[in-house]
Each structure stands twice: as structure tokens, then as C-alpha cells.
Protein chains: 2
Amino acid sequence: MADSMDVVFEALASPARRKILDIVKDRPGCSVKHVAGFFEVSRIAVMKHLQILELADLIVSEKDGRSRRLFFNCVPIQMIYDRWTSEYSALWASNLTKLKYRIESREKTHGRK
Amino acid sequence: MADSMDVVFEALASPARRKILDIVKDRPGCSVKHVAGFFEVSRIAVMKHLQILELADLIVSEKDGRSRRLFFNCVPIQMIYDRWTSEYSALWASNLTKLKYRIESREKTHGRK
DNA sequence: ATAATAGGTAACCAAAAGGTTACATATTCA
DNA sequence: TGAATATGTAACCTTTTGGTTACCTATTAT
């Protein structure tokens, strides 16, 4: 269950890959070259990131002539969102509960100073 | 902006660290030893994970005698949630938009075949 | 006081991540 | 056809990550 999302978490862990997601989201159907244009590292490095993103299903692609069209897929993010919200939904009920939670926790523990 | 959350994304990338979050969430104020009890790796390895989680502010702790009390802090996750929801809020408006999005993207691109 | 307990630090090591260059393939354009 | 373009693959290298053992420090319990 959590294991099936490992690749998604890992994919999102890299700033470069998050940047790629933003780029592709911003221009659906763009090419690898277009994405690589935003980076100073080699096109190969960018392609490796794209492979990881495709493995996590955060990017889907299709060949179109000599280029490849890239599309952002938010479904895995939605799944993570659902995972966290179901596990931590009580905490997220309001913006205030996050503070309440810590206060209550510490009260229970007769913490010394 | 995205940079300030790098440590959080990186911290969440590890299944072991997500497991630690669940353990600590489940027993607020628990000790390092308690957490380590759930793992087969050494206590030192677990402590390194805890350090990363503390750096990301996902875990806060306080010394209590010879032991250390650990607390889960969901604020950084809330921040990520806000980041994604603000950036991708249009996609998350309903559970259906994620499909709609891909369809529209592909329509725009006169894809062959 | 001294044993046992809980945690912290240092030095080291293997595997994985992220990058490179070089080369190969397939498609379009002139 | 032949050159330019866009992507794909292979081999390799360096740094980071995640783990280990050994030892040190502080606190509690007998």
C-alpha cells in the first residue's frame, strides 16, 4: 500500500524533478528538448529524471515523429494526497489543530520542563 | 520557496522515515528506543533517520532525563499540501478533473495516431 | 558507588543516485 | 540522398545515502 507509492515519493524528492513537473504541466505535450532547455545539466541527465517520473507515472509520454510528447499526470499526487488525508485527516480538520495536537501530546507526557 | 521544502520532500522520500512518522504519530512523546524497536536495522541508523526528520521539522523532540521524547509535527506536511493545492488547485477541484486534464492536453496537441 | 539503561559521536564502508562522454537510431528538411 | 534534429543506449565516474561497529556521556536504579 505505502510501498506502491515509494516511487512517487522518491520521484518528488528531487527539486529537479519537481521543476520538470512544473515545466511539463505548464506546456502539455512538450518535448524532451524543451524540458532540457531549462536545465544546465546535460540532456541525458534530464532524460534520466524523466524516466524516474514516468516510472512513478507522474509523467506520461507518447512518441510523435522524432520527438516525444510529455504530459503531466497528477493522479499519483492525488493518491498521496488521499493517503495523507486519510491517515492524518484528524490533524488537517482545521488549520489550528496542528498546534492543538502538539499541546495535547505534551500534556499527556508529564514532561519535566 | 520550493527550496525551503527540499528537506521535507527528501525526508518523506524514505519508507523508513515515513514509518517513523507513523510510529511517533501513534505514540506522541515516545523514546528513540521505542521507535528503534520497530526496525531491524541498528539504533544508530534509526537515529540518523530521526535527525533528518528533525531537520525537516517533521519531528520535534525534547530531552527528558536520560531519554528523549519525540513528537510528530504535521506543519511541514501542511505546507507541502498548501504548495501543491495552490499550484495544482485547478486539477484538484474534483476527482474527475485529473482525467479531464489529460484529455484536454492531448486534444491541444494534434497528436497523430 | 556501581550496574544497567538511553542516547550521542566518530570513523568507516557498500550501494545507489546523479552526472558525464561517446555512440546509435530514427525522422524530417533541403 | 544527405545533413540536421531529437531521442535513446552504454559505459563509466563521483558524491551522497544508509548502514555498520566501537566508543563516549548522562541518568537512573540497586
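No experiment lies behind these values; they were computed from the predicted model shown. In what follows, chains carry the letters A, B, and so on, assigned in the order in which the sequence lines appear, proteins first and then strands, with residues in each chain numbered from 1.
Nucleotide C:dA6 is matched to D:dT25 when pairs are restricted to Watson-Crick or G-U wobble geometry with both distances under 3.5 angstrom.
Remark: C1' of C:dT9 and CG of B:L50 are 16 Å apart, rounded to the nearest angstrom. Taking atom CG of B:D64 as the reference point, atom P of C:dT5 lies 18 Å away to the nearest angstrom. Rounded to whole Å, the distance from CD1 on A:I52 to P on C:dA16 is 14 Å. Remark: P of C:dA11 and CE of B:M47 are 16 Å apart, rounded to the nearest angstrom. Counting to the nearest Å, the C1' atom of C:dA6 and the CD atom of B:E62 are 16 Å from each other. Atom CD in A:Q51 sits about 8 Å away from atom P in D:dG8, given to the nearest Å.
A salt bridge links A:R18 with B:D6; the closest basic N to acidic carboxylate O contact falls under 4.0 Å.
Between C:dG19 and A:H49, a contact under 4.0 Å exists linking OP1 or OP2 to a side-chain N or O. For B:R66, no side-chain nitrogen or oxygen approaches OP1 or OP2 of C:dG8 to under 4.0 Å. In this structure, A:S67 does not reach the D:dT5 phosphate: none of its side-chain N or O atoms is under 4.0 Å from OP1 or OP2.
Contacts with DNA chain C (heavy atom under 4.0 Å) in residues 33-45 of chain A: A:V41, A:S42, A:I44, A:A45, listed by number.
For B:F38, the ring pair (Phe, Tyr, Trp, His ring centres under 6.0 Å) partners at least two apart in sequence or on another chain are B:H34.
Backbone-only engagement by B:E10 is indicated by non-hydrogen atom pairs under 4.0 Å involving sugar-phosphate atoms exclusively.
Of the candidate nucleotides D:dT7, D:dA11, C:dG8, D:dT7 has the atom nearest to the side chain of A:S31.
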